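As structure tokens, the structure follows; a few thoughts come after it.
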Amino acid sequence: MEKDKLLELFKSTGALQHGHFKLTSGLHSPDYFQCAKVLQYPQYNEILCGEIARHFHDWRVEIVVAPAIGGIMVGQEVARQMRVRGIFAEREDSKMSLRRGFEIKEGERVLVCEDVVTTGGSVQEVVGIVRKAGGTVVGVASIVDRSKTSINFGAKFFPLLKMEVPVYQPEACPLCKENVPIEKPGSRKVDAA
Ligand code: ZN
């Protein structure tokens, strides 16, 4: 899918919002991206993950592993389309691990899937789990890459979209200077009817 079409899909589903936001980091930004807003539509998840499944079609992937929670919907859909197992790693005492009896076999060819890569920390942890189990990471895929520098996972990295989001220190924020009302993303409550 072309970049413009992807951005249009993100906007129409509310995944990408434009305004004046205070991020959890405390920085201000004119853009806010919440991948779950687009993935909540199975038909869009199918299209987006289809691009990943096609890209890695000839890589003999045997299992998809995703970091919870964000990566689960992507990993599961990619696994479904590739007709392979799909599992996820989750945080336990702040450390990523495989639970629920999930296993990676020695020599298994693994595709790691994430929704959004920002620092790449969670993906790096999953890559570490796979290698420790004796698996081979054939690639890493994500819907969006928001990293500032290109991250080296030691395997082919395939994001559908590289997205640059401007961030400002509050005191240097041009939107604050223009008195644009600020909001905290995700804090808007939806009232029950
Ligand atoms: Zn601001």
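Along the sequence shown, residues are numbered consecutively beginning with 1. Predicted model, so just to flag it, every value in this text is computed and none were measured. Both backbone and side-chain heavy atoms feed into the values below; hydrogens, waters and symmetry mates do not. Each ligand, and each atom within it, is numbered from 1 in the order the structure gives.
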Please table the atom pairs, donor to acceptor, closer than 3.5 Å between any side-chain atom in residues 132-152 and protein atoms at least two apart or in another chain.
residue: S142; atom: OG; partner: V144; partner atom: O; Å: 3.1
residue: D145; atom: OD1; partner: S147; partner atom: N; Å: 2.9
residue: D145; atom: OD1; partner: S147; partner atom: OG; Å: 2.6
residue: D145; atom: OD2; partner: S147; partner atom: OG; Å: 3.4
residue: D145; atom: OD2; partner: K162; partner atom: NZ; Å: 3.4
residue: S147; atom: OG; partner: T149; partner atom: O; Å: 3.1
residue: N152; atom: OD1; partner: G154; partner atom: N; Å: 2.8

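Legend: protein N/O/S atoms lying under 2.8 Å from the Zn ion (ligand 1), waters omitted, number 4.
Pairs passing the side-chain hydrogen bond (donor to acceptor under 3.5 Å, both in side chains) check and including a residue from residues 106-121, sequence neighbours excluded, read R85-E108.
Between E183 and K22, no side-chain nitrogen of the basic residue sits less than 4.0 Å from a carboxylate oxygen of the acidic one, so the salt-bridge criterion is not met.
In terms of modelled atom types and a separation under 3.5 Å, the side chain of E178 and the main chain of L175 share no donor-acceptor contact.
No more than 12 heavy-atom neighbours from other residues, nucleotides or ligands sit within 6.0 angstrom of CD on E103.
With sequence neighbours excluded, the residues forming a side chain to side chain donor-acceptor pair (under 3.5 Å) with E125 are R91, listed by chain and number.
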